[in-house]
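To keep things clear, I will list the structure first and then write my remarks on it.
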Amino acid sequence: MIEADFFARPSKVVALDLIGVSLLFEGVGGAIVETEAYHEQDPASHSYRGQTSRNGAMFGPPGHVYIYRSYGIHWCLNFVCLPGSAVLIRALQPDVNIEAMRQRRGDVATRLLCSGPGRLTEALGITGAHDGLSLTAPPFVLQPRSEDIAVDVGTRIGITKAVGENLRFGVKASPFLSKKFPIAI
DNA sequence: CCCAGGATTGACT
DNA sequence: GTCAATCCTGGGA
């Protein structure tokens, strides 16, 4: 079981440590295969200009979730770390109750069920109504990874500020990533 | 008060 | 490869 103090660390460290962790929401989910870190001094972060009515959860206790609507259409799921910092969950490997995911996402290939921040919230049934919930209590269940995993690092996706920072992490060569990492040197 | 723009996705050429 | 969909926050006037 992962405790709240796991999240009371810099988001970059937490983002790396979250790779391979199993995430279940109401008994649906799988291993986290892709994350991105955001922090308070980060121009690309919603917390950059300080606390507002939308990003309040990002300044709340570590180990809770911050959920926001993206492009007026999708929900994106973040794990809150130290105040003003969070980790965006970008992709899961569908493991548990794939039928429920397919029911919500439609009849798509398994590798497309959770390969993107908007897709995985839809597959798990997560919405803004769950903003601020604790990750260490139901309906969330987090289990540590069971074995070591090779991890890729790269630049974040879909942002226009602080583009060059290597704050994106993913399972090396996983077919469930939202986007491949550039070929390693 | 107004309105530009976004941590995206899927449909289409 | 391009592009529209669609909401609502927050920055600026």
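These values consider heavy atoms only, across backbone and side chains, with no hydrogens, waters or symmetry-generated copies.
- Applying a 4.0 Å cut-off to non-hydrogen atoms, the residues of residues 94-110 of chain A that approach DNA chain B are A:R105, listed by residue number.
- Ring centroid separation for the pair A:H130 and A:F140 does not come in under the 6.0 Å cut-off.
- The CG atom of A:N166 sits 11.0 Å away from atom CD of A:E36, with the distance rounded to the nearest 0.5 Å.
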Ring pair (Phe, Tyr, Trp, His ring centres under 6.0 Å) between A:H46 and A:Y38, worked out: CA-CA 8 Å; A:H46 291 172; A:Y38 291 83; 7.5 Å; no
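- When the C1' atom is compared between C:dC3 and B:dG5, the two are found 16 Å apart, to the nearest whole Å.
- Of the possible polar contacts, none joining the A:S115 side chain to the A:S178 backbone as a donor-acceptor pair under 3.5 Å is found.
- Residue contacts shown for A:L88 include a base, since a base heavy atom lies under 4.0 Å away.
- Using a 4.0 Å cutoff on non-hydrogen atoms, no part of residues 121-128 of chain A comes near DNA chain B.
- Among the nucleotides B:dG10, C:dA5, C:dC7, the one closest to any side-chain atom of A:Y71 is C:dA5.
- The only member of A:T155, A:V153, A:D152 that meets side-chain contact (heavy atoms from CB on, under 4.5 Å) when paired with A:F181 is A:D152.
- For residues 107-124 of chain A, the set of pairs meeting the salt bridge (Lys or Arg N to Asp or Glu O under 4.0 Å) definition, not counting sequence neighbours, comprises A:R102-A:D107, A:R105-A:E122.
- A:H39 and A:Y48 share no side-chain donor-acceptor pair at under 3.5 Å.
- Straight-line distance from the CG atom of A:L120 to the P atom of B:dG10: 12 Å, rounded to whole Å.
- Across all strands shown, C:dT6 has no partner, as no Watson-Crick or G-U wobble contact with both distances under 3.5 Å is found.
- Toward the 5′ end of DNA chain B lies the nearest nucleotide of A:T160, the other residue of the pair A:S115 and A:T160 mapping further downstream.
- Across B:dG10, B:dA7, B:dT8, the shortest atom-to-atom separation from the side chain of A:H46 is found for B:dA7.
- A donor-acceptor pair shorter than 3.5 Å cannot be found between the side chains of A:S85 and A:E40.
- Between A:R119 and A:G72, the residue whose closest nucleotide on DNA chain B is further toward the 5' end is A:G72.
- What separates CH2 of A:W75 from P of C:dT9 is a distance of 9 Å, to the nearest Å.
- Applying the 4.0 Å criterion to OP1 and OP2 of B:dT8, one finds that A:R69 has every side-chain N and O outside that range.
- Near DNA chain B, meaning a heavy atom under 4.0 Å away, the residues from residues 50-68 of chain A are A:M58, A:Y68.
- Applying the side chain to side chain contact (heavy atoms under 4.5 Å, CB included) test to A:A15 and every residue at least two apart in sequence or in another chain returns A:T35, A:A37, A:V87, A:F169.
- Here A:R90 reaches the OP1 or OP2 of B:dT8: one of its side-chain N or O atoms lies under 4.0 Å away.
- When A:V171, A:V33, A:T110 are each tested for a side-chain contact (heavy atoms from CB on, under 4.5 Å) with A:Q93, only one passes: A:V33.
- Across the strands present, B:dA7 finds no partner; the criterion is a Watson-Crick or G-U wobble pair with both atom distances under 3.5 angstrom.
- Scored by the salt bridge (charged side-chain N to carboxylate O under 4.0 Å, His left out) test, A:D42 finds A:R156 as partners (sequence neighbours excluded).
- Atom NZ in A:K179 sits roughly 15 Å away from atom P in B:dA7 (whole-Å rounding).
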